[in-house]
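Both ligands and their constituent atoms are indexed starting at 1 by order of listing.
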Amino acid sequence: MCGIVGAVLPKAGKTAEETVLEGLSRLEYRGYDSAGIAVLDATSPHPEIAWRKEVGKLSGLLASLEEQPLPQATTAIGHTRWATHGGVTRVNAHPHLSYDGKLALIHNGIIENAEGYRLHLKQQGINTISETDTEVVAHLLERAFLTEPAPADTKLTPQGFTVADLDPDNLQPENLSRLVRSMLRVTRDLEGSFTLLALHQDCPGVIVAARRSSPLVVGLSEEGNYLGSDVLAFASRTKQALEIGQDEVVVVTPTGVLVLDQSGNQILHTRATQVFPVNPAEAKRAFEVDFATDRVTKEGFSTFMEKEIREQPRAVAQTLDDRLDANGALTLDELRITTDILRGIDSVIIVACGTAAYAGQVARYAIEHWCRIPCEVELAHEFRYRDPVVSVRTLVVAISQSGETMDTIMAIRHAREQGARVLAVVNTPGSTISREADAVLLTHAGPEIAVASTKAFTAQISACYLLGLYLAQVRGNKYADEIADYLEKLQQMPARMQTVLDRYASHLGVENLEAIKSVLFLGRHVGYPVAMEGALKLKEIAYLHAEGFAAGELKHGPIALVEPGQPVVIIVPTPRRPELHRKVVSNIEEVRARGALTLVIAEDGDESVNAFADVVWRVPASPTLYRPLVDVITLQLFALRMAQALGLDVDQPRNLAKSVTVE
Ligand code: F6R
């Protein structure tokens, strides 16, 4: 996973370092096992790499830099780590230096053939000091740099692009040419996934980067250029961004960027914020970052998670906003799959992981009910290994907040290879999943920073409902007035979500939270995935044993877990669906009879639960399919308050990272 930032500026000072540290603070959601930075001053007569790395969160690195500042610099790279190869130690933290200390490298991903190279390097007398795959690549790059023959000319591409075209003041053309060739040569033979950023002492004033199956975006500005795992890394410096494609190498100077394919052919170059593509189709890689970076602050809340829980009415409203055409028909502008194709599909498979998969499970009830089309939900990492039945008539829906979850990326690649159309429901425009899918439906939840997903979940459910209604519309499963009615009721949900927040955000009415050791969650129908989501939230941030069950499954085993005092959360469906409601109320009685402490979510006015509930969280009456949007809020708040009562770090729970970019 890991977060990566780079800054290349024309003048020496503290700005490059500050930019990178600020970027790391915004990317810390990607991992926080350790953090590090390397800087280089291209204006110095004797440029030397200076670096620092510390175990733990970014605050540790900041404290260390405060105590012992790094020299002024023009160029900086920084890394926040989620450990894959090697334990959480200082020596395993990034940046990694080459054996002669001249090259510094940061990396996101996993190099699968690193061990073979490690052995090979050892035989040549180059020993690694860390357990990481990254250090191996640092040595390989430096060895390639030193053995790369001096270029006959200083062209950087076969097309004749030169260092001068990047408009640098102080680049050494021969060295830059060698560094670029080394990056191309080494990455060609690497297996696995990587984003690599390299800084070289003999080639100051430039960052050379490469990516395969790991994210990398470039930020363009008049004042300098930036790199990041995502646009958050540099969004406070520039809104002009450039997508970097699979297997591409990027050369970044203060005034220009050169993008090459794996064979060294030029794809595009930039000058300040202007992009000059070789093929005009590539111009669309440039895009503007469309969110305000001030939304990436806690806005007065003590945690991002609380802020994001409270933002849900807005996140859902924004996701539903502006979806009707002049005739009142539902229209999904960004969808790039024709209505003819959507009419022809005979099944829907939703692929996703974690919370996004639970959102998919909720959506499935709506899609099957409205469209009368079979809909399966599959964990993305299981999907391709079970040899799924997928055809050109299958619509695969990938749900992802980050748009960078590797398991989901691999699932959609597999689906596309089988001929399926892939529609992505993502929260991050420009992300890998949104680029690789045939069509995108954006959730407009805004950046989600807390590791535990909250507003993305309710926005994903809302976007999937829009999709379900759209499919019902184009396939003729519902009349226009029915769709309008469903939509109108959906648009009423943000206000109901706000009611739940007003009631419970400050006070949940549960005492002695810190004494609770395990919690069971029960739900039926759409309440079942919500029960699992409630349990996941509690595991993630409160480190408590929690399990979500289908309420009907209780008697088939899990009821054995219930002993006096065991907290059981039960999601009671609307009494307007008596066949569901009655059964869940019976389930409450069953656990209550065995001494459980019952925490019940029930609609306003549903008095039938009073006799069996120790605590009742009331939610406004809502259509059955829309109840998850209000029910889940109480469960998110429950997990939040529990974690806080235990004194835990809510936003950055142990062992986790926001974006799971490795399989
Ligand atoms: C849980 C959580 C994870 C993510 C999962 C998928 O709170 O955040 O379970 O939902 O890792 O992530 P995305 O949606 O980015 O693909």
Q: Check this for me, if you would: do Arg416 and Glu436 make a salt bridge, where the nitrogen-to-carboxylate-oxygen distance has to be below 4.0 angstrom?
A: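 A salt bridge is absent here (no side-chain N lies under 4.0 Å from a carboxylate O).
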
Q: Which residue and atom name correspond to the protein heavy atom nearest atom 5 (C) of ligand 1, and how close is it?
A: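 Here the closest protein heavy atom is Cys353 O, 3.5 Å.
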
Q: For Lys658, is at least one N or O under 3.5 Å away from an N or O on ligand 1?
A: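 Lys658 vs ligand 1: no N/O contact under 3.5 Å.
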
Q: Just by distance, no angles: are the side chains of Thr297 and Lys307 close enough, under 3.5 Å, to form a donor-acceptor pair?
A: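 No, Lys307 and Thr297 have no side-chain donor paired with an acceptor closer than 3.5 Å.
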
Q: Just need the protein heavy atom nearest to atom 14 (O) of ligand 1, so name the residue and atom and give the distance.
A: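 The closest heavy atom on the protein side is Gln401 N, 2.6 Å.
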
Q: Tyr32 and side chain to side chain contact (heavy atoms under 4.5 Å, CB included): which single residue from Pro653, Cys2, Ser59 fits?
A: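 Testing Tyr32 for a side chain to side chain contact (heavy atoms under 4.5 Å, CB included) against Pro653, Cys2, Ser59 leaves exactly one candidate, Pro653.
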
Q: Give a yes/no verdict on whether any heavy atom in Val451 is under 4.0 Å from an atom of ligand 1.
A: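 Checking ligand 1 against Val451, which is what was asked, there is a heavy-atom contact under 4.0 Å.
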
Q: Salt bridge check, Glu299 against Arg314: does any charged N sit closer than 4.0 Å to a carboxylate O?
A: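 Judged by the 4.0 Å cut-off on N to carboxylate O distance, Arg314 and Glu299 do not form a salt bridge.
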
Q: Under the criterion salt bridge (charged side-chain N to carboxylate O under 4.0 Å, His left out), I'd like the reasoning laid out for Arg524 against Glu553: C-alpha separation, chi angles, the key distance, then a yes or no.
A: CA-CA 10 Å; Arg524 252 176 214 266; Glu553 191 64 10; over 6 Å; no

Q: Indicate, as side chain, backbone, both or neither, the part of Glu404 found under 4.0 angstrom from ligand 1 when only non-hydrogen atoms are considered.
A: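 The answer is neither.
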
Q: Got the closest protein heavy atom to atom 15 (O) of ligand 1, with its distance?
A: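 Checked against all protein heavy atoms, atom 15 (O) of ligand 1 sits closest to Ser402 OG, 2.6 Å.
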
Q: Looking only at protein heavy atoms, which one is nearest to atom 11 (O) of ligand 1, and how far off is it?
A: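 Result: Val660 CG2, 4.0 Å.
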
Q: Distance to 0.1 Å, residue and atom name: give those for the protein heavy atom nearest to atom 3 (C) of ligand 1.
A: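 The answer is Thr355 N, 4.0 Å.
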
Q: Closest non-hydrogen protein atom to atom 12 (O) of ligand 1, residue and atom name please, with distance?
A: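 The closest heavy atom on the protein side is Thr405 OG1, 3.4 Å.
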
Q: One thing to verify: whether Glu22 and Arg237 come together as a salt bridge, which I'm taking to mean a side-chain N less than 4.0 angstrom from a carboxylate O.
A: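 A salt bridge links Arg237 with Glu22.
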
Q: Answer yes or no on whether Arg654 is positioned over the face of Tyr543, meaning its NZ or CZ is under 6.0 Å from the six-membered ring centre and within 45° of the axis.
A: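 That pair qualifies as a cation-pi contact.
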
